[in-house]
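Worth saying up front: this structure is predicted, and the values here are computed from it rather than measured.
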Amino acid sequence: MQHMEYKAVVDACTRCAIECEMCLAHDLEDGIRLDCARANMDCARACWETASALARDSGFSFQYCGHCAAICDGCAEVCSQYQDEHCKRCAEMCRECAHACRSLAHAQVGA
């Protein structure tokens, strides 16, 4: 495994997944941002799966990264519609994760 190359993306995915899980908890507690809750569930799952794929040096790591970037973009778009602090933090983490995943996926395509 190329630990140094992947570590930053694994870390970004993990931070994003945790932030999505926390935003989801707020959404479910309030019961008013169900579109945000659904986006958070999907995004957290994609982030956890991508981090796991990278950690085990899966042959599909770069496909996971592309998939994760797209889902993170969508989650950021949904979360950014709300003014709640947890939604703002989540959208920011999603954008960071999408950028990290996309950069790694594109670096592989260009290699």
Side-chain angles (χ1 to χ4, degrees):
M1 175 177 164
Q2 303 164 338
H3 283 288
M4 298 317 285
E5 182 180 352
Y6 292 174
K7 183 169 180 359
V9 181
V10 170
D11 290 347
C13 287
T14 302
R15 284 190 307 272
C16 186
I18 290 168
E19 201 63 50
C20 285
E21 298 280 7
M22 291 183 343
C23 191
L24 170 63
H26 284 286
D27 294 340
L28 293 176
E29 184 178 295
D30 296 345
I32 56 174
R33 290 175 301 277
L34 298 180
D35 59 333
C36 191
R38 284 191 280 283
N40 280 297
M41 281 191 278
D42 290 338
C43 193
R45 176 169 285 154
C47 289
W48 290 126
E49 289 175 357
T50 301
S52 177
L54 288 166
R56 68 177 181 276
D57 199 19
S58 167
F60 298 104
S61 290
F62 304 107
Q63 290 88 341
Y64 274 100
C65 283
H67 177 75
C68 188
I71 292 175
C72 284
D73 286 339
C75 189
E77 186 176 320
V78 172
C79 282
S80 66
Q81 295 174 19
Y82 298 101
Q83 296 305 311
D84 304 87
E85 281 304 311
H86 57 87
C87 288
K88 289 178 184 179
R89 282 191 312 273
C90 187
E92 181 181 334
M93 286 294 113
C94 287
R95 287 185 194 103
E96 289 178 15
C97 185
H99 176 73
C101 283
R102 196 170 283 111
S103 294
L104 184 60
H106 286 316
Q108 180 60 24
V109 171

Trainee: With a 4.0 Å cut-off on N to O distance, would you call E92 and R95 a salt bridge?
Mentor: no
Trainee: Got R33 and Q81 here, is their nearest side-chain heavy-atom distance under 4.5 Å?
Mentor: no
Trainee: Listed by chain and number, what are the side-chain hydrogen bond (donor to acceptor under 3.5 Å, both in side chains) partners of E96, not counting sequence neighbours?
Mentor: none
Trainee: Applying side-chain contact (heavy atoms from CB on, under 4.5 Å) between C94 and each of C47, C20, C79, report the one that passes.
Mentor: C20
Trainee: Would you give the length of the straight line joining atom CE of M41 to atom CG of D27, rounded to the nearest 0.5 angstrom?
Mentor: 9.0 Å
Trainee: Determine whether V78 and C87 make a side-chain contact, defined as any pair of heavy atoms from C-beta on separated by less than 4.5 Å.
Mentor: no
Trainee: Would you kindly confirm whether W48 and M22 end up in one hydrophobic cluster when ILVMFWY residues are joined by side chain heavy atoms under 4.5 Å apart?
Mentor: yes
Trainee: Assess whether a salt bridge exists between K7 and D11, defined as any Lys/Arg side-chain N lying under 4.0 Å from an Asp/Glu carboxylate O.
Mentor: yes
Trainee: Do Y82 and D35 have side chains that get closer than 4.5 Å, going by heavy atoms?
Mentor: yes
Trainee: Can you confirm whether R89 sits close enough to E85 that some side-chain heavy atom of one is under 4.5 Å from a side-chain heavy atom of the other?
Mentor: yes
Trainee: What's the shortest heavy-atom distance between S61 and L54, and which atoms?
Mentor: CB-CD2, 3.6 Å
Trainee: Any idea which heavy atoms bring E19 and H86 closest together, and the distance?
Mentor: OE2-O, 4.4 Å
Trainee: For N40 versus C23, what's the shortest heavy-atom pair and its separation?
Mentor: ND2-SG, 3.5 Å
Trainee: In terms of hydrophobic clusters joined by side-chain contacts under 4.5 Å, are V10 and L104 together?
Mentor: yes
Trainee: Might you point out which heavy atoms bring T14 and A51 nearest each other, and give the distance in Å?
Mentor: OG1-CB, 4.1 Å
Trainee: Taking distance alone, no hydrogens or angles, what donor-acceptor pairs closer than 3.5 Å link side-chain atoms of residues 62-74 to residues at least two apart or in another chain?
Mentor:
from	atom 1	to	atom 2	distance (Å)
D73	OD2	R102	NH2	2.3

Trainee: Testing the basics here: between V9 and A100, what is the closest heavy-atom pair and its distance to 0.1 Å?
Mentor: CG2-O, 3.7 Å
Trainee: Looking only at non-hydrogen atoms, find the nearest pair between C75 and C90 and report the distance.
Mentor: SG-SG, 4.4 Å
Trainee: Just how far is it from atom CD of E21 to atom CZ of R45, taken to the nearest 0.5 Å?
Mentor: 9.5 Å
